[in-house]
Amino acid sequence: MPKNRRPPLNSAPRPLVLRVLFARLPLPAYVLIFPVLILLLALDVVAPPRADAAERGVGFGTWAPVSAYGWHGSMLIDGVHTYCITPGAPAPTGPSSDHGISGSAAGLSPQQLAGINLLVSSYGQTQDPVQAAAVAWAVKAIANREETLHAFGYRGDSLAEAIHWTLSALAPQHDRAVQERAVAYYDEALRAAHTATAASGSLVFSTDAADHRSGTVRVDATSAATGTVTLVNAVFADSGSPTRDGASVGSAYSIRTVPPAEGRAYAVSGTGRFRAGLPAAVRHYTTPGGQETAGPAGVIEFEVAGSDAVPRVPPFSPSISTRVPARETAGGPYLDEVTFTADAGSWPRAEDGSYLPVTAGAVVYRTDVEPVPGSPVPAAASVVGTLRVTTDPLIGPMGPYTVTSPWEMNTPGFYTAVWSVSAADQVAAVVAHTGPDFVWMERFGEPSQVAVVAPPSAASTPPPPAPTETPAPDGEVAANPPSAALAATGTDTAAVRGPAAIAVALLSIGIAIVASRRPRFGARPVIR
């Protein structure tokens, strides 16, 4: 730019212009300028769509508003190949406005727009002049067949002849090729599916009632479409992959779940992206005083998502095994060792990974005779007491748990515990796994559950003490010897009466001799 040429005002940076403007304005002018700026900003927001001048695209003819043979091909607007949808109007050589995707461009029906979008999207974005000219003729014929056929003087009713009428003079070497393609494109556009301008959908999951690990996933959508589905916590049963390409709307696919954690409720979910084809819409451009044109509206794409309506709960059937530490006992508390196991499924866990608590209870019976394993509880059995144990969330089924009764076995007999695990005794989180009707019952008389308290034996009972005799004073004979001593001789009293008299006489003589030799009371002893 020459140094002596003043640049236009709008080429200077806006902040600098504002600074200069404000520097020269007195203070009251600031108050007046702010409403003006706000008005300018508002006008900028509500400004009409951006206008770019249409350019000559690919085709045959003269790029001018009006010419002898016209222009037959595409018109470039912002790099997009567009095609006339208002035949008979001047070529859009001036600035064109982009109105975005429209389902009502130029007052055309959804069926017309679906066909035009098919042609413009599938064949119109090309650098081949023959193909571009064929698309242009087919699009105009879809939009307004009568105007298209007769715009250049043809009076018949054949699209191929109307093309020949014009191109035989304009581009005779391409005349036949344009005719053939244009007629084929036109017929295809008439059969285009009349689809909506948008679509939506979702994933629907089902669970096999007999096995939480099995089920299906189905794509429901407002339009036929194909796409890709990716599962979370599951894989497709036939491939073992969590992702399936080429999934179609309405088809149910078998899945196999992959629970994220053992023994914990979980849900299967998924997401996907689908293409429903071309919508009944075009990208609409207008040019003042010129033709309205259509660009590709693209395909209908939409995302889907979904998850299990109800979480999948792995089934769980707990049971226990029990053993008394000692079969023979002298009494005292009833002791039992309880080990928990899972007959079906995995032990349920909480969200933090800890084991959910399971409670078991027992009734202890006493019988006088040893119970028969598996027999009904005898009517004569007496209930001694109950036992109860709940698993620790940290160790779960690992045991055994030692249970001590708060009461004692005081009466001889056979003490038998019968354990049970019932859903009625569990927390709600466990019932979700077992079901509300679950009951496990130990059979009566399990040998490992019998504790025996024996009565005291005869050998261990001390004999009663023997009666004691009071000895007679010296020189006296017991007048009445114990009857037991007499009975022990086994001899008749009459038979021993004579010998007894002799014995008494001899005993008397002996006593007299002893008495004659004993010093008298108070006598001095003789010293020799």
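Below, all heavy atoms of this structure are taken into account, side chains as well, without hydrogens, waters or symmetry copies. In what follows, residues are counted from 1 in the order of the sequence shown.
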### Query
Do Thr390 and Thr359 have side-chain atoms, one donor and one acceptor, less than 3.5 Å apart?
yes

### Task
List the steps and the verdict of side-chain contact (heavy atoms from CB on, under 4.5 Å) for Thr329 and Tyr334.
CA-CA 9 Å; Thr329 176; Tyr334 183 93; over 6 Å; no

### Task
With the side chain counted from C-beta on, respond yes when Leu203 and Val219 share a heavy-atom pair under 4.5 Å apart, and no when they do not.
yes

## Note on the structure
The reported gap from OG in Ser239 to OH in Tyr253 (rounded to nearest 0.5 angstrom) is 11.5 Å

### Query
Does any non-hydrogen side-chain atom of Met75 lie less than 4.5 Å from one of Gln291?
yes

### Task
Report the C-alpha separation of Thr322 and Glu442 in whole Å, then their side-chain angles, then the decisive distance to 0.1 Å, and conclude whether the side-chain hydrogen bond (donor to acceptor under 3.5 Å, both in side chains) test is met.
CA-CA 9 Å; Thr322 53; Glu442 187 177 41; 2.6 Å; yes

### Query
What distance separates Trp347 CH2 from Arg349 CZ, expressed to the nearest 0.5 Å?
11.0 Å

### Query
Parallel under 30°, tilted from 30 to 60°, perpendicular over 60°: which one fits the rings of Tyr185 and Tyr123?
parallel

### Considering all heavy atoms, the nearest Pro371-Val450 contact
CG-CG2, 4.1 Å

### Message
Between Ser74 and His81, do the side chains contain a donor N or O and an acceptor N or O under 3.5 Å apart?
### Response
yes

### Residues which pass side chain to side chain donor-acceptor pair (under 3.5 Å) with Asp238, listed by chain and number, not counting sequence neighbours
Arg244

### Task
Decide whether Ser254 and Thr216 meet the rule of one side-chain donor and one side-chain acceptor closer than 3.5 Å.
no

#### Entry: 4.5 Å side-chain heavy-atom contact, Arg283 and Tyr285
yes

### Query
For Gly306, does its backbone N or O pair with a side-chain atom of Ser202 as donor and acceptor, under 3.5 Å?
no

### Message
Rounded at 0.5 Å granularity, tell me how far CG in Asp392 sits from OH in Tyr355.
### Response
11.0 Å

### Task
Would you please test Arg312 and Val268 for side-chain contact (heavy atoms from CB on, under 4.5 Å) and show each step?
CA-CA 8 Å; Arg312 298 172 188 244; Val268 174; 3.6 Å; yes

### Query
Looking only at heavy atoms, what is the nearest atom pair of Ala381 and Thr367, with distance?
CB-CG2, 3.6 Å

### Query
If you measure from CD on Glu446 to OG on Ser321, what distance do you get to the nearest 0.5 Å?
10.0 Å

### Message
I'd like to know whether Asp352 forms a side-chain hydrogen bond (donor to acceptor under 3.5 Å, both in side chains) with Ser354, so could you lay out the CA-CA distance, the side-chain angles of the two residues, the decisive distance to 0.1 Å, and finally the verdict.
### Response
CA-CA 6 Å; Asp352 61 1; Ser354 63; 2.7 Å; yes

### Query
Below 4.5 Å, heavy atoms only, C-beta onward: do Phe414 and Asp368 meet side chain to side chain?
no

### Query
Side chains of Asn233 and Thr257: do they bring a donor and an acceptor to under 3.5 Å?
no

### Task
Go through the steps for Ser269 and Ser307 under the test side-chain hydrogen bond (donor to acceptor under 3.5 Å, both in side chains), then give the verdict.
CA-CA 4 Å; Ser269 62; Ser307 64; over 6 Å; no

### Query
Does any non-hydrogen side-chain atom of Val282 lie less than 4.5 Å from one of Tyr83?
no

### Task
Just do the side-chain hydrogen bond (donor to acceptor under 3.5 Å, both in side chains) check on Thr286 and His99 with the steps written out, would you?
CA-CA 8 Å; Thr286 59; His99 298 278; 2.7 Å; yes

### Task
Mind listing the closest non-hydrogen atom pair of Leu113 and Gly103 along with its distance?
CD1-O, 3.1 Å

### Query
Are any side-chain N or O atoms of Arg191 and backbone N or O atoms of Asp187, one a donor and one an acceptor, separated by less than 3.5 Å?
yes

### Query
Does a side chain donor of either Thr416 or Gln449 reach within less than 3.5 Å of an acceptor in the other side chain?
no

### Query
Any luck finding a side-chain donor-acceptor pair between Glu262 and Ser346 under 3.5 Å?
yes

### Task
Report the C-alpha separation of Asp98 and Ile77 in whole Å, then their side-chain angles, then the decisive distance to 0.1 Å, and conclude whether the side-chain contact (heavy atoms from CB on, under 4.5 Å) test is met.
CA-CA 9 Å; Asp98 182 358; Ile77 302 177; 5.9 Å; no

### Message
Quiz question: by atom type and distance under 3.5 Å, do the side chains of Thr271 and Thr230 form a donor-acceptor pair?
### Response
no

### Message
Rounded to the nearest 0.5 Å, what separates atom OG1 in Thr341 from atom CD1 in Ile320?
### Response
8.5 Å

### Message
Within this structure, what is the CZ-CD1 distance for the pair Arg213 and Ile255, rounded to the nearest 0.5 Å?
### Response
13.0 Å

### Nearest non-hydrogen partners of Phe274 and Thr226, listed with the distance
CD2-C, 3.2 Å

### Query
Does the side chain of Lys140 reach to within under 4.5 Å of the side chain of Ile85, using non-hydrogen atoms?
no

#### Entry: Near-ring test Tyr365/Tyr415, centroid separation under 6.0 angstrom
no

### Message
How close do Arg323 and Asp336 get, counting heavy atoms only, and between which atoms?
### Response
O-OD1, 3.0 Å

### Message
Could you check whether any side-chain N or O of Gln111 sits under 3.5 Å from a backbone N or O of Ala192, counting only pairs where one atom can act as donor and the other as acceptor?
### Response
yes

### Message
For Ser109, is there any backbone N or O sitting under 3.5 Å from a side-chain donor or acceptor partner on Gln112?
### Response
yes

#### Entry: Considering all heavy atoms, the nearest Ala451-Met409 contact
CB-SD, 4.4 Å

### Task
Applying side-chain contact (heavy atoms from CB on, under 4.5 Å), run through Tyr401 and Thr339 and close with a yes or a no.
CA-CA 6 Å; Tyr401 292 85; Thr339 301; over 6 Å; no

### Task
For the pair Ser121 (side chain) and Leu118 (backbone), establish whether a donor and an acceptor sit closer than 3.5 Å, ignoring hydrogens and angles.
no

